[in-house]
Amino acid sequence: VALSGAALAAGPCFAYSTKRWGSRLRADKLSAAEREALSRLVNGWLGCTLAPLAVVFGSRLIGYLTVFAWYAVLGFSGACYGLCWAIGFSSERAAERVAATSAL
């Protein structure tokens, strides 16, 4: 029950809430810095939501998703453009942040 509730909170409910109340957050109206900040906020929220679930259920998969969400907050990203995958960092400083936190 808890996992299905978390899945609904992370997916459809978050999308509905953003669509309903986030009309100012349309991608065509945001600057590049604002889009990056919004992406970091969403990934931070996702990391905070998934971390307790990973601990409570002892799930390695949810743990990996949590780590990916926090790496996205730090500047690591990946995207699929048809048959081409782009994986990398948003800046040189982001690569340093991810390397430093990975060493911990």
Side-chain angles (χ1 to χ4, degrees):
V1 173
L3 283 177
S4 62
L8 287 174
C13 291
F14 185 76
Y16 170 76
S17 178
T18 303
K19 175 105 171 122
R20 175 84 169 121
W21 302 107
S23 61
R24 291 184 9 182
L25 302 176
R26 289 186 27 199
D28 58 338
K29 293 185 177 182
L30 297 177
S31 68
E34 289 172 333
R35 278 194 301 268
E36 186 174 339
L38 178 63
S39 172
R40 288 183 178 191
L41 283 172
V42 169
N43 284 306
W45 174 82
L46 189 60
C48 288
T49 303
L50 292 176
L53 292 173
V55 173
V56 168
F57 293 107
S59 172
R60 294 172 98 178
L61 175 63
I62 299 174
Y64 281 122
L65 294 174
T66 303
V67 171
F68 290 149
W70 285 113
Y71 275 2
V73 169
L74 295 173
F76 179 77
S77 64
C80 178
Y81 300 104
L83 297 176
C84 176
W85 284 84
I87 300 171
F89 301 94
S90 60
S91 68
E92 204 169 300
R93 296 286 298 161
E96 293 170 3
R97 285 191 302 265
V98 171
T101 55
S102 296
L104 297 176

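All values reported here derive from a predicted model rather than from experimental measurement.
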Check for me, please, whether [X] and [Y] land in the same ILVMFWY cluster - side-chain distances under 4.5 Å, paths through other members count.
X	Y	result
Val73	Phe76	no
Leu65	Leu53	yes
Val67	Leu61	no
Ile87	Phe89	yes
Phe57	Leu50	yes

4.5 Å side-chain heavy-atom contact, [X] and [Y]:
X	Y	answer
Asn43	Phe68	no
Trp45	Leu41	no
Glu36	Ser91	no

Exercise. What pair of heavy atoms forms the shortest contact from Arg40 to Gly75, and how long is it?
Worked result: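 Answer, listing the atom of Arg40 first, then Gly75: NH2-CA, 4.2 Å.
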Exercise. Would you say Leu83 has more than 12 foreign heavy atoms packed within less than 6.0 Å of its CG?
Worked result: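 No, not enclosed.
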Exercise. Can you check whether Ile62's main-chain N or O pairs, donor with acceptor, with Thr66's side chain at less than 3.5 Å?
Worked result: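 Flag set: sc Thr66 to bb Ile62 pair under 3.5 Å.
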